[in-house]
Amino acid sequence: MSEMNVQHNTPIHIHNVNITDQFWSRYLEIVRKEMIPYQWDVLNDKANITIEKERNDETIPSEKSHAIENFKIAAGLKEGKHYGWVFQDSDVYKWLEAVAYSLHHTFDEKLKELADSVIDLLELAQEKDGYLNTYFSIEEPERRFKMLAESHELYCAGHYIEAAVAYYETTKNEKALRIACKLADCIDANFGNEDGKIKGYDGHEEIELALAKLYQVTKERKYLNLSRFFLYERGTDSSFFDRQRQEDTSKKAVIEGMHHRPLSYYQAHRPILEQDSAEGHAVRLVYLCAAMADVAYLSKDKEMLSACRKLWKSIVERRMYITGGIGSTVDGEAFTSDYDLPNDTMYCETCASIGLIFFAYNMLKNDTNSSYADTLERALYNTVISGMALDGKHFFYVNPLEVNPENNAKDPGKSHVKVTRPEWFGCACCPPNLARMLTSLDKYIYTISDDIIYTNLYLTNQTSIHVKGTKVSLQQETNVPWGGDIRFHIQQDAPSTFGLAVRIPSWSKTYKIYLNGAEIDQKPKNGYIIIHREWQQNDEIILSLDVNIQVWSANPYVKANVNKIAIQRGPFIYCLEEEDNGKNLHLIRIPKNEPFNYHFETGLLGGVGVIEVNAKKRIVQMEWDHQLYSTDLPEEYEKKKITFIPYYCWANRSPGEMQVWIEKE
């Protein structure tokens, strides 16, 4: 990606976009009708579910959520002990944020009343000085802010602040925002460079993102300054976490097993301006980067933006999966090294790809470069929605690119990779994160730079946009993701001059664009074609994108994918499943130059496009039953037609093998 001069783009407020897209409306309805009620039952321990208890060789200390109950105990409404993870509060906050966005799409008075009751409960649980955290309020109030490497106090606070901002913007509930400001003021009173304050930061980034959002809605500069403090303080004192551990008189771990993690796990090994590679826990890294990009945008900090660009390149050029997944190892859910992208032991946490979308979106505010939107789209259509079953009630924490059920069941190094989606997790960050991501999809479609409207995602919607004082009604109609036709209708009160920029996705090698029926011959600039003119009432732009099947190869340094190919059509990466192609997918070879055929099946997996190709599969001779190695047995193959389905909908039928990267001849 070439660097550009900083151009400050403006996100379009979520209330100004109405999604009517067939593909994405289904997801919005799933969240509203299935995920939000289901997750509410889980948070209240009313759902009859099986919770995944083991992950990353740890025993999850939770067989239920108990999250709402924890708040009732902290509020003094009930007696009891805190139950679950120290960061259990954040599940409630992300649920509340999803509700806020969902209420915008479809207002539901009963759901609003339910969410209002949660706000009332949080107000009761909040301490007089603004502190809000059920674990420390109930169990160890004397350890507030004293174990920041593990405590997730600021992480949880950030998730509430994000939820409160979203809820206030949708419902104008001032109590929600007042709680958030009181909480942020408490943090501001305890952290900073002044004498008597803590010069430190949370082990898990999130508060930095939230404070930037709180600043935007309140215009209180101290919140942006506090976010900048946390960002610039990170990595400046290599002894901060150790010193807190040594000063802790209880010597009791908040989360077992965290003390051995290197500073790079927390992105605290260097000051942020000196970090030039994606290191450590993948979710933490992209949350950090998303905050850096937003703060750089809000404060016009060119040095911080330059650091963002370096980390972006590290991710997308050397450490990202073709599905938009990130995190190469289960150990620490982390990045490893350049080009180390194993397909069957990776992590690719759903939350990490959601965080990558946050990062990409905030970079789009700074730079009008389509590479950010390309990656946003790649993660959204593949890893993110792969994290949820088509029923909205089963979820992946880990999103592999290759599975073999027997190996995953018996190999401890692969046991974190599941072949079916569990109903819930003891560490349940991903399901509510998915809900808030999907319901906030509106805000990722467009951004504005000066007098140019940039289209970042293609999905059917209607929006009203003010460009330099003129109200523009813009209607986008498309058959993406299965097709490549996009139509824009422009309506306005009077003729006005502005630019409309349409993105040419990386998956479209050719394109045609028409203005009121006349073809335009114009080359993209940084991935966008910009049509700048005086627009008239009922002007129309038609963009025709190329959705031919693409065959991808990986960088030769990616050892796992040497002599293999991956298939893409439109924004979707495709995969093979045992359900369609039988066992031993690794024995399949795709001949060079063999044509791929695409067709849409309305009755399969809710309606999907499938790709077929004539391949061949190695025959395993009987002689191999009696020997492990041989010098003289020839390879024999049989012809076999194989079927690819979109990666996002794998594991929605019977359990079996799955593979994204396939051997080629």
Side-chain angles (χ1 to χ4, degrees), residues 36-47 49 51 60-100 110-141 143-145 151-168 171 173-184 186-187 204 206-207 210 254-255 424-429 431-433 435-436:
I36 287 175
Y38 174 74
Q39 291 179 18
W40 176 250
D41 286 345
V42 171
L43 295 173
N44 285 274
D45 305 326
K46 294 179 180 178
I49 60 173
I51 291 182
I60 302 301
S62 179
E63 296 182 5
K64 54 187 175 182
S65 171
H66 209 68
I68 294 295
E69 201 75 0
N70 286 336
F71 280 104
K72 291 178 180 178
I73 295 168
L77 301 177
K78 287 192 173 184
E79 297 288 331
K81 305 288 286 183
H82 183 276
Y83 190 91
W85 284 108
V86 68
F87 44 77
Q88 212 86 340
D89 293 359
S90 65
D91 295 348
V92 176
Y93 301 152
K94 283 181 277 191
W95 175 87
L96 180 62
E97 189 175 353
V99 168
K110 289 185 178 179
L111 181 58
K112 180 182 177 295
E113 289 175 2
L114 184 62
D116 286 345
S117 72
V118 172
I119 298 295
D120 293 341
L121 176 61
L122 299 182
E123 184 182 45
L124 291 174
Q126 187 171 37
E127 298 186 20
K128 290 182 179 179
D129 67 349
Y131 186 83
L132 181 61
N133 186 288
T134 64
Y135 175 79
F136 287 96
S137 290
I138 296 170
E139 299 294 337
E140 301 184 290
R143 297 178 80 191
R144 287 181 11 171
F145 301 138
S151 69
H152 288 71
E153 287 165 275
L154 302 182
Y155 168 84
C156 288
H159 273 304
Y160 174 68
I161 292 169
E162 284 199 277
V165 168
Y167 198 68
Y168 171 76
T171 67
N173 184 308
E174 293 187 0
K175 183 185 292 186
L177 191 62
R178 188 166 61 247
I179 295 169
C181 291
K182 191 175 178 181
L183 175 55
C186 172
I187 296 168
H204 196 312
E206 162 63 23
I207 186 64
V254 179
I255 299 178
W424 201 252
F425 308 94
C427 175
C429 53
N433 217 4
R436 71 172 183 144

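These numbers come from the heavy atoms of this one structure, side chains and all, not from hydrogens, waters or symmetry mates.
- A side chain to side chain donor-acceptor pair (under 3.5 Å) with Tyr135 holds for exactly one of Gln88, Glu140, His82; it is Glu140.
- Contact of the Glu206 side chain with the His152 side chain is not registered, since no non-hydrogen atoms from C-beta on lie closer than 4.5 Å.
- Within the 4.5 Å cutoff, side-chain heavy atoms of Val118 are placed close to those of Trp40.
- Rounding to the nearest 0.5 angstrom, the gap separating the SG atom in Cys429 from the NZ atom in Lys94 is 5.0 Å.
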Mind listing the side-chain donor-acceptor pairs of residues 154-166 below 3.5 Å, one per line with the distance, residues two or more places apart or on another chain?
{"unit_1": "Tyr155", "atom_1": "OH", "unit_2": "His159", "atom_2": "NE2", "d": "3.4"}
{"unit_1": "Tyr160", "atom_1": "OH", "unit_2": "Ala176", "atom_2": "O", "d": "2.7"}
{"unit_1": "Glu162", "atom_1": "OE1", "unit_2": "Arg436", "atom_2": "NH1", "d": "3.3"}
{"unit_1": "Glu162", "atom_1": "OE2", "unit_2": "Lys213", "atom_2": "NZ", "d": "2.5"}

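- Side chain of Gln126 to main chain of Ile179: a donor-acceptor pair is present (N/O by atom type, distance under 3.5 Å, no hydrogens or angles).
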Could you walk me through whether Asn173 and Asp116 pass the side-chain hydrogen bond (donor to acceptor under 3.5 Å, both in side chains) check? CA-CA 8 Å; Asn173 184 308; Asp116 286 345; 3.1 Å; yes
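- Side-chain contact between His66 and Thr134: absent, with no pair of heavy atoms (C-beta onward) separated by less than 4.5 Å.
- Among all heavy-atom pairs drawn from Cys186 and Tyr131, the shortest one is SG-N, 3.7 Å.
- One distance of note links CD1 of Ile73 with CD1 of Ile68; it measures 11.5 Å at 0.5 Å rounding.
- Taking all atoms of both residues into account, the shortest heavy-atom contact from Leu121 to Ala75 is CD1-CB, 4.1 Å.
- When the ring pair (Phe, Tyr, Trp, His ring centres under 6.0 Å) test is applied to Tyr38, no partner is found at least two apart in sequence or on another chain.
- Counting heavy-atom neighbours within 6.0 Å of Glu79 CD, excluding the residue itself, gives a total of 12 or less.
- Minimum interatomic distance between Val92 and Leu43 (heavy atoms only, all atoms of both residues): CA-CD1, 4.1 Å.
- From Leu96, atom CG reaches atom CD1 of Ile36 across 10.0 Å, with rounding to the nearest 0.5 Å.
- Rounded to the nearest 0.5 angstrom, Lys64 NZ and Lys46 NZ are separated by 14.0 Å.
- The CZ atom of Phe145 lies 8.5 Å from the CG atom of Asn133; values are rounded to the nearest 0.5 Å.
- In terms of heavy atoms, Lys81 sits closest to Asn70 at O-OD1, 4.1 Å.
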Asp89 vs Leu132, side-chain contact (heavy atoms from CB on, under 4.5 Å): CA-CA, chis, key distance, verdict: CA-CA 9 Å; Asp89 293 359; Leu132 181 61; 5.8 Å; no
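- No side-chain donor-acceptor contact under 3.5 Å links Lys78 to the backbone of Glu69.
- Heavy atoms only, all atoms of each residue included: Pro432 and Gln39 are closest at CA-OE1, 3.4 Å.
- For the ring pair (Phe, Tyr, Trp, His ring centres under 6.0 Å) with Tyr93, the qualifying choice from Phe87, Phe71, Tyr167 is Phe71, the only one to do so.
- Using a 4.0 Å cut-off between charged side-chain N and carboxylate O, Glu153 and Arg144 make no salt bridge.
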